[in-house]
Amino acid sequence: VGPLYLRCDAGNPGELYSSIEFINGSGPFDGVVGDCTIDNLHIGFYNDGIIALAEGNGSVVQNCELSWCGGYVTSYSSESKTSYKAGAPRSAGSLSATGVSDIRIRNNYIHEVFHAGTGVEVFAEQSDMARSAENILIEGNVLYHCGTGLNYFNWDEGMNPEQMFKDIIFRGNYVLFSGGADWLEDGTNVAVGIDGGANLQEGCAFVDNAFLGAADSLIYIKTYVPETLPDFEGNRYLQYDSGGYLWAGQEHYFSSLDAQTVVRDILKDETGKFGVLYHPGWNTLDW
């Protein structure tokens, strides 16, 4: 909050340029109403939250292109705030379903996103209200060059039956080349990010998705409690030999050499297919 100063040594910017553009503090679809359909739009070049489904129960986002989003400074502080570190942390994603129900996110192309491509989140501390996210289908999307591809974030660190995931399905999505040259600083340049505590879930699954390449690891699980994880069924996993397959706390890091252990024993994906892509360096094939 305060004055915005622009420096231009060549002269008055208003005389030098025919147009000057900047973005405001909220996304173009922030607070979508219920039962709304967003269809066949290209929305991009924004700081955060291109589409934020926080109150829009029953909404559909389909056949859209969401691109070039995020990386803006979330706060300036010498002390850590909630999930943000001290300093000038960056964040922002493109499409999130936060504490809502009966949502469909399907057949979208989401790319060049600094942080979260798409997914589901619930925030108890920020909203001062516990509520579950229910009956959400995220299907048939292509996510390319997103810091974290698919999000499954429940920030309530305790098991709260009033705030849980119910019938959340990620199906038939292609998550390609997640993260870049360390876009995110905390090891979450991943295809699938499961963050928060050991949170309750019922009927949630990742089914028939394809995960190809991630700068850190394919799967990230902040708090590893097997009985609270969603089901993994029939997914395809392909990671670079230099990257990780699973990061679940300091005591649970698995490299690409452990692909079979991760897919069969930890994720319990009995029908999933997995492999390792060998190449001389991360930046060789990721673009």
Side-chain angles (χ1 to χ4, degrees), residues 66-71 90-96 108-121 138 141-153 170-196 206-224 229-230 232 234-250 252-267 269 272-287:
L66 310 176
S67 62
W68 299 103
C69 171
R90 296 185 298 163
S91 186
S94 69
L95 170 54
S96 64
N108 301 288
Y109 176 35
I110 303 172
H111 63 102
E112 323 313 324
V113 176
F114 173 80
H115 192 191
T118 188
V120 183
E121 299 183 68
I138 298 177
N141 302 284
V142 175
L143 299 106
Y144 175 74
H145 281 177
C146 298
T148 300
L150 299 176
N151 281 349
Y152 183 87
F153 289 2
F170 297 82
R171 184 172 62 205
N173 301 286
Y174 286 81
V175 188
L176 312 175
F177 306 116
S178 301
D182 298 324
W183 290 356
L184 306 178
E185 299 175 356
D186 54 1
T188 56
N189 293 280
V190 297
V192 176
I194 300 177
D195 214 331
F206 288 80
V207 182
D208 297 334
N209 302 284
F211 309 126
L212 169 59
D216 290 324
S217 63
L218 278 185
I219 312 294
Y220 167 85
I221 304 172
K222 181 177 182 180
T223 305
Y224 177 61
L229 292 179
F232 285 81
N235 300 293
R236 287 165 286 173
Y237 310 82
L238 185 61
Q239 171 66 316
Y240 294 114
D241 60 318
S242 58
Y245 243 77
L246 172 69
W247 189 96
Q250 296 297 332
H252 295 103
Y253 175 81
F254 297 88
S255 72
S256 295
L257 298 177
D258 305 305
Q260 180 170 328
T261 299
V262 170
V263 174
R264 295 288 188 258
D265 300 336
I266 298 178
L267 300 180
D269 192 341
K273 297 181 180 180
F274 55 88
V276 178
L277 179 64
Y278 294 92
H279 72 110
W282 162 254
N283 288 324
T284 304
L285 296 175
D286 67 324
W287 293 92

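Reckoned from all heavy atoms, side chains included, excluding hydrogens, waters and symmetry mates.
Aromatic pair F232/F206: ring centres closer than 6.0 Å.
Contact annotation: the side chain of F114 never approaches that of C69 to less than 4.5 Å [non-hydrogen atoms, C-beta and beyond]. Looking at F254 and T261, their side chains come closer than 4.5 Å, going by heavy atoms from C-beta outward. Using a 4.5 Å heavy-atom cutoff, the side chains of I194 and K222 are not in contact. Residues D195 and Y220 have side chains in contact (heavy-atom distance under 4.5 Å, counting atoms from C-beta outward). Counting heavy atoms from C-beta on, the side chains of I138 and T118 come closer than 4.5 Å. With a 4.5 Å cut-off on side-chain heavy atoms, Y174 and R236 count as touching.
Nearest approach of A259 to F274, heavy atoms of both residues: CB-CD1, 3.8 Å. A pairwise comparison of heavy atoms in S178 and A191 identifies OG-CA, 3.4 Å as the closest pair. Among all heavy-atom pairs drawn from S256 and V276, the shortest one is O-CG2, 3.5 Å. Smallest separation of non-hydrogen atoms from L176 and V142: CD1-CG1, 4.4 Å. For A214 against N189, the heavy-atom pair with the smallest separation is CB-O, 3.6 Å.
A donor-acceptor pair is defined here as one N or O able to donate and one able to accept, closer than 3.5 Å; such a pair exists between the side chain of N209 and the backbone of F170. Under the 3.5 Å distance criterion, the side-chain polar atoms of Q239 are left unmatched by any main-chain donor or acceptor of L277.
A 6.0 Å sphere centred on OH of Y109 holds more than 12 heavy atoms belonging to other residues, nucleotides or ligands.
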Could you walk me through whether F211 and N235 pass the side chain to side chain contact (heavy atoms under 4.5 Å, CB included) check? CA-CA 8 Å; F211 309 126; N235 300 293; 4.0 Å; yes
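Y237 and D269 are linked by a side-chain donor-acceptor pair at a separation below 3.5 angstrom, with hydrogens and angles left out of the test.
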